[in-house]
Engineer: 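If you scroll down you'll find the structure; I have some questions about it.
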There are 2 protein chains.
Amino acid sequence: MREIHHPELLQNYLQTFEIKPILNDELLPYLTLYRYDHGELICTQGDPYNHLYLLVKGKLKIFNTSPEGRTLILSFKTPLDVVGDIEYVQGTDFINTVEAVSEVHMIAIHHRWLKKYGSDHTPLLKFLLNVITKKFYVKSSSLSFNLLYPVEVRFASYLLSVCFDESDALYSGKLSTSHLIDAANLIGTSYRHLNRVIQHLSREGLVERHKGFIEVKNREGLSELANHRNIYEK
Amino acid sequence: MREIHHPELLQNYLQTFEIKPILNDELLPYLTLYRYDHGELICTQGDPYNHLYLLVKGKLKIFNTSPEGRTLILSFKTPLDVVGDIEYVQGTDFINTVEAVSEVHMIAIHHRWLKKYGSDHTPLLKFLLNVITKKFYVKSSSLSFNLLYPVEVRFASYLLSVCFDESDALYSGKLSTSHLIDAANLIGTSYRHLNRVIQHLSREGLVERHKGFIEVKNREGLSELANHRNIYEK
DNA sequence: AAAGTTTTAGGACATATGTCCTTCCCAACA
DNA sequence: TGTTGGGAAGGACATATGTCCTAAAACTTT
């Protein structure tokens, strides 16, 4: 993580995503722009809540570890999105871990200033309401999806989400083998079972197993299998 | 459903749950008090959004039916809680079906007035933020719970939620057999499998099967099995 | 009461998934 | 070049759950 001292870029982001209208002017001096590299953690489950983050560039992975030590993916996020909103409203520690999937830029606001200047600012409140209700929808459909469909379908959806980041043509259609254990945890299954599922998808010609990575051979077919639902996206 | 013309009772509820501070005075004349009986539907998935409801008495069951026709329980609610908040913020149709489990009293506000008088009322916005983030937490832990634990554990949790409504001593510790199919759908499993699980719980002495109902024999044991998590509560 | 009908529990079998362990491959190193 | 260690894939078996069907029970109708 590195701070980016680059007022023009910050202004640029503020304009692109129309962030200014939702903040009051007193808050503007307290915005900081940060950069995270692929794999870096923005925050970890249980961390005390400090900043509200606005994701303005890149892709985030949100996940959670259960008391038993199993890891569950919750979602992927792309701009514009917010991290720490729920925690800000409830004043609680972070409930999830947030990791950068690609190079990521985030605008951070310390909760001190947010409480001081923003807690009665109607546009901000409305913005948060809007963002959080959307998160609720996503969570809600994710719940149904997980309960209703087997791992194969979930993995298809996951593959589509993780392998086709437009901003990263290199990895297009490929999933590095070293991420398979992660992937299994993220989908909510075991590594062993994921392998079984990959074998099966392989036999169906939807993916191909190569040394070091898995390649999507039939994107349409996977999408079909996943019921056209990108449950892990956004 | 019946309207209750009873200004004192309404006032009483407004006070008990400290509702007045979150509403502005212009809204007060537009509050209506409704009563629903056991089994009645307050709203059905897909219904256009009309009212925001405040649950002030009784217990609600929230569920959702998938495209494939399977029914999933989402939560139970007790006072004070809100129905239609997400829909109000997003301006969308109802995403879930809401059913009265016991006799229920709800205060309804038509969205017309809410938009007109409440959309910039900070205390209301904050109240909604608070309620919705709590719902998010519940949904979030529900997701993990369902993904991590087998039906037996979920059913134990369900039994504890549904069989011990303090306001309904008659049904204490009992689940009517006629509700078993419902229960299965609600937990996200098949009727067949639920029966298997009941057999098993029976052999363990946690519940007993009688003609017409299932009786909880060992509440503590069930709670233990459910990891002390009342996932379907609230 | 007898016959038919509906409801409810459970049998049989298939599929989905988890756990544990073994084998194989490759890289690092002696 | 042989050895060793680690990681990745897959075999074997157990458990969880779904689907379809049957048997038993309860309820209706004649």
Side-chain angles (χ1 to χ4, degrees), chain A residues 65-73 143-159 174-204 206-215 225-227, chain B residues 65-73 143-159 174-204 206-215 225-227:
Chain A
T65 306
S66 77
E68 288 82 3
R70 289 182 65 184
T71 301
L72 288 180
I73 195 175
L143 176 64
S144 323
F145 195 69
N146 278 299
L147 227 44
L148 291 171
Y149 301 102
V151 169
E152 182 170 272
V153 175
R154 285 182 265 155
F155 182 60
S157 178
Y158 173 82
L159 265 183
K174 295 177 184 170
L175 176 68
S176 160
T177 307
S178 62
H179 294 150
L180 271 190
I181 293 184
D182 265 357
N185 288 329
L186 296 178
I187 291 167
T189 189
S190 61
Y191 172 72
R192 176 65 191 92
H193 188 58
L194 186 57
N195 263 322
R196 237 187 310 246
V197 166
I198 291 169
Q199 266 183 67
H200 188 236
L201 294 181
S202 216
R203 254 180 268 123
E204 309 273 317
L206 295 172
V207 305
E208 245 175 43
R209 190 161 219 150
H210 297 280
K211 206 170 90 84
F213 64 94
I214 299 203
E215 187 181 2
L225 182 60
N227 294 294
Chain B
T65 305
S66 78
E68 288 82 3
R70 288 182 65 186
T71 301
L72 288 180
I73 195 174
L143 177 65
S144 323
F145 195 69
N146 278 299
L147 227 42
L148 291 171
Y149 302 101
V151 169
E152 181 169 275
V153 175
R154 285 182 265 153
F155 182 60
S157 179
Y158 173 80
L159 264 183
K174 295 177 183 168
L175 176 68
S176 160
T177 308
S178 62
H179 294 151
L180 270 190
I181 294 185
D182 265 356
N185 288 329
L186 297 177
I187 290 167
T189 189
S190 62
Y191 172 72
R192 175 66 191 91
H193 189 57
L194 186 56
N195 263 322
R196 240 187 310 246
V197 165
I198 291 170
Q199 266 182 69
H200 187 237
L201 294 181
S202 216
R203 253 180 268 122
E204 308 273 318
L206 296 173
V207 306
E208 246 174 42
R209 191 161 217 152
H210 296 280
K211 205 170 90 85
F213 63 95
I214 297 199
E215 188 181 2
L225 181 60
N227 294 294

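Letters go in sequence order (proteins before strands), and every chain restarts at 1. Just so it is clear, the values below take in all heavy atoms, side chains as well, and ignore hydrogens, waters and symmetry mates.
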Engineer: Compare side-chain N and O positions of B:Arg192 against OP1 and OP2 of D:dT22 and report whether any pair is under 4.0 Å apart.
Structural biologist: no
Engineer: State the NE2-CD1 distance between A:His179 and A:Ile214, to the nearest 0.5 angstrom.
Structural biologist: 12.0 Å
Engineer: Would you kindly give the CG-to-C1' distance between B:Asn195 and C:dG11, to the nearest whole Å?
Structural biologist: 12 Å
Engineer: Roughly, in whole Å, what's the span from CG in B:Leu148 to P in C:dG18?
Structural biologist: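 Roughly 10 Å, once rounded to whole Å.
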Engineer: Would you mind reading off the distance between B:Phe213 atom CZ and C:dT8 atom P, rounded to a whole angstrom?
Structural biologist: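 In whole Å, C:dT8 P and B:Phe213 CZ are 15 Å from each other.
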Engineer: With no hydrogens and no angle check, just 3.5 Å: does a side-chain donor-acceptor pair link A:His193 and A:Arg196?
Structural biologist: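 Indeed, the side chains of A:His193 and A:Arg196 share at least one donor-acceptor pair under 3.5 Å.
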Engineer: Is any side-chain N or O of A:Arg196 closer than 4.0 Å to OP1 or OP2 of C:dT17?
Structural biologist: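 False: A:Arg196 side-chain N/O out of range (4.0 Å or more) of C:dT17 OP1/OP2.
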Engineer: If I take atom NE2 from residue B:His210 and atom CD from residue B:Glu215, how far apart are they, to the nearest 0.5 angstrom?
Structural biologist: 4.5 Å
Engineer: Is any side-chain nitrogen or oxygen of A:Tyr191 closer than 4.0 Å to OP1 or OP2 of D:dA8?
Structural biologist: no
Engineer: What is the ring orientation for A:Tyr158 with A:Phe155, classed by angle as parallel under 30°, tilted 30 to 60°, or perpendicular over 60°?
Structural biologist: parallel
Engineer: Nearest-Å distance, CD1 (B:Ile214) to P (C:dT8)?
Structural biologist: 12 Å
Engineer: Do you know which two heavy atoms are closest between A:Tyr149 and A:Arg154, and how far apart they sit?
Structural biologist: O-NE, 3.2 Å
Engineer: What is the separation between atom CZ on A:Arg154 and atom P on C:dT17, rounded to the nearest whole Å?
Structural biologist: 6 Å
Engineer: Could you tell me how far apart A:Leu201 (CG) and D:dG10 (P) are, to the nearest whole angstrom?
Structural biologist: 13 Å
Engineer: Please state whether the phosphate of C:dG18, meaning OP1 or OP2, lies under 4.0 angstrom from any side-chain nitrogen or oxygen of A:Thr189.
Structural biologist: yes
Engineer: Taking only the side-chain heavy atoms of B:Val151 (C-beta and beyond), determine which of D:dC27, D:dT17, C:dA9 contains the nearest atom.
Structural biologist: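 The answer is D:dT17.
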Engineer: Which whole-number value in Å describes the distance from A:His193 NE2 to D:dC13 P?
Structural biologist: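 Roughly 19 Å, once rounded to whole Å.
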Engineer: May I have the distance from A:Ile198 (atom CD1) to C:dT17 (atom C1'), rounded to whole angstrom?
Structural biologist: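 Taking atom C1' of C:dT17 as the reference, CD1 of A:Ile198 is at 15 Å.
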Engineer: Considering just the side-chain nitrogens and oxygens of B:Gln199, establish if one lies under 4.0 Å of OP1 or OP2 belonging to C:dG10.
Structural biologist: yes
